[in-house]
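Every chain is numbered from 1, with letters handed out A, B, ... down the list of sequences.
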2 protein chains.
Amino acid sequence: MSTERREPLDRRRVADTALRLLNEVGLDGLTLRAIARELDVKAPALYWHFKDKQALLDEMATEMYRRMVAGSALDPADTWQDRLLKANRGLRTALLGYRDGAKVFSGSRFTGIEHAGQMEDNLRLLTAAGFTLAQAARALTTAYLYTLGFVTEEQGVQPLPGERREGYDMDERARLMADFPLSAQAGAEIFEDYDRHFEEGLALVIGGIGARYGVS
Amino acid sequence: MSTERREPLDRRRVADTALRLLNEVGLDGLTLRAIARELDVKAPALYWHFKDKQALLDEMATEMYRRMVAGSALDPADTWQDRLLKANRGLRTALLGYRDGAKVFSGSRFTGIEHAGQMEDNLRLLTAAGFTLAQAARALTTAYLYTLGFVTEEQGVQPLPGERREGYDMDERARLMADFPLSAQAGAEIFEDYDRHFEEGLALVIGGIGARYGVS
DNA sequence: TTGACAACTTAACACCGTTAAGGCGACTCT
DNA sequence: AGAGTCGCCTTAACGGTGTTAAGTTGTCAA
């Protein structure tokens with residue numbers, strides 16, 4: 001008989017396990033019972049640490065963000081363009097690291113205020129570069145929302161890098177689109193090479209920020 | 001005894017009712033049983049018309065798009081900027097018309113190819129204005145993804161225009177953010193006046209498109 | 001030794017999406 | 001006119017879900 005007693009859970013460990021499980025089973029398969037099983041515990045035990053499932057998802061999103069920030073130290077010498085590029089590339093990479101990452105992320109709220117550190121840093125850099133605070137906020141959120149929208153759509157087609165969801169057969173699509181030649185041709189390109197397309201869109205946004213706010 | 005026989009359902013009628021119900025109960029409350037009750041039918045009856053719940057959600061998204069297109073005739077004399085503005089304002093308005101509209105929309109796929117008409121029209125206008133097809137596609141999608149990301153976040157805070165979700169107390173937020181003065185000040189602005197902020201971000205994107213692709 | 005408290009388990013509830021089987025009115029074919 | 005087919009729906013049920021209530025167990029303090 002193993003008299004070893006598991007040391008008690010805490011929110012971080014639960015969120016960590018849930019994130020690992022998320023990649024195996026996806027958001028739909030991420031049930032409290034499955035998470036509990038993985039932690040060698042029964043489902044109601046999770047309610048000791050979280051008031052409901054959404055609170056657990058919130059903690060998962062927060063942990064995703066923590067790891068993203070930890071994974072990339074910011075260079076104070078960055079230009080504002082560099083910073084926007086790095087921050088949003090980093091965000092996309094972080095989200096792509098988990099199946100349904102964008103959905104989990106955008107459906108949740110952070111549990112603390114740790115994220116404000118990065119935000120503050122970015123706002124400081126942009127205002128120092130000549131933006132007003134309102135402009136800086138608008139610039140950061142616009143790029144952020146673009147990235148979130150992009151990855152959400154991307155993961156709708158490609159749950160994890162390499163996999164591809166059904167119903168996206170390009171040949172059949174082309175046949176149906178016979179009456180819409182431009183759309184057909186554009187679509188064939190749109191659903192591939194997400195990396196390049198993301199970069200291109202991000203460049204559009206960043207270029208627009210510089211142009212409209214007269215900062216370069 | 002009422003011997004009146006309901007006339008049979010069809011996909012459109014089901015989607016229509018489901019959309020109406022969505023505004024009352026939200027996506028979480030939108031169960032097949034509730035939809036069926038509204039249609040004076042039992043839940044399994046819906047499986048005659050849809051292979052599963054996702055197919056119904058797809059039809060709802062398609063119906064949302066149909067109404068959006070129907071609600072705003074496009075002016076062939078639009079400049080490409082006008083078109084991008086109108087299309088994305090229209091999309092946002094359409095999504096805001098339903099509780100959790102952005103989530104339903106971005107989690108679903110269109111059931112037909114009706115949407116290709118509008119797409120084709122937009123691509124034609126942009127290429128005629130001097131964009132290459134690839135540029136036109138990138139421009140349209142980037143703006144589209146921004147709008148989708150924006151409304152998703154917006155509806156996370158404000159499910160329906162006028163309402164406001166709990167946990168967004170601005171005073172408490174300011175107190176917690178005492179150590180992050182820029183974030184505190186920016187945040188106070190970010191969570192209000194979504195209309196203006198949407199316009200501002202959209203202008204950034206459109207400005208970026210013009211600048212980067214050298215079309216004006 | 002007692003009592004409090006943190007961290008769990010067991011049992012149950014209401015509800016969910018979905019499937020299988022069957023009923024029933026309307027239409028067609030002979 | 002009767003039999004058979006088919007579209008559209010119902011009844012019943014299944015396994016699974018998030019969640020709650022109540023009870024258990026080990027640990028540590030008074």
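For A:Lys51 and D:dT20, the NZ to P distance is 9 Å, given to the nearest whole Å. Between the P atom of D:dG18 and the CG atom of A:Leu27 lies a distance of 10 Å, rounded to the nearest Å. At whole-Å resolution of the value, CG in B:Asp52 and P in C:dC16 are 17 Å apart. Nucleotide D:dT17 holds its C1' atom 13 Å from the CZ atom of A:Arg37, rounded to whole Å. One atom, CZ of B:Arg11, and another, P of D:dC8, lie 13 Å apart when rounded to the nearest Å. Atom CG of B:Leu32 and atom C1' of C:dC15 are 12 Å apart (whole Å).
A:Tyr98 has its side chain within reach of A:Arg67: a pair of non-hydrogen atoms, C-beta onward, lies under 4.5 Å apart. Looking at B:Leu74 and B:Asp121, their side chains come closer than 4.5 Å, going by heavy atoms from C-beta outward.
For the ring pair (Phe, Tyr, Trp, His ring centres under 6.0 Å) test, residues two or more places apart in sequence or in another chain that qualify with B:His115 are B:Phe110.
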- Note on the structure: Protein-proximity profile, nucleotides 5-14 of chain C, B/S/- by nucleotide at the 4.0 Å heavy-atom cutoff, equals -SBSBBBB--
Residues 18-27 of chain B side chain polar contacts: donor-acceptor under 3.5 Å, at least two apart:
unit_1	atom_1	unit_2	atom_2	d
B:Asn23	OD1	B:Arg99	N	2.7
B:Asn23	ND2	B:Gly97	O	3.0

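Counting heavy-atom neighbours within 6.0 Å of A:Glu120 CD, excluding the residue itself, gives a total above 12.
In this structure, A:Arg92 is positioned above the aromatic face of A:Phe198, its NZ or CZ under 6.0 Å from the six-membered ring centre and within 45° of the axis.
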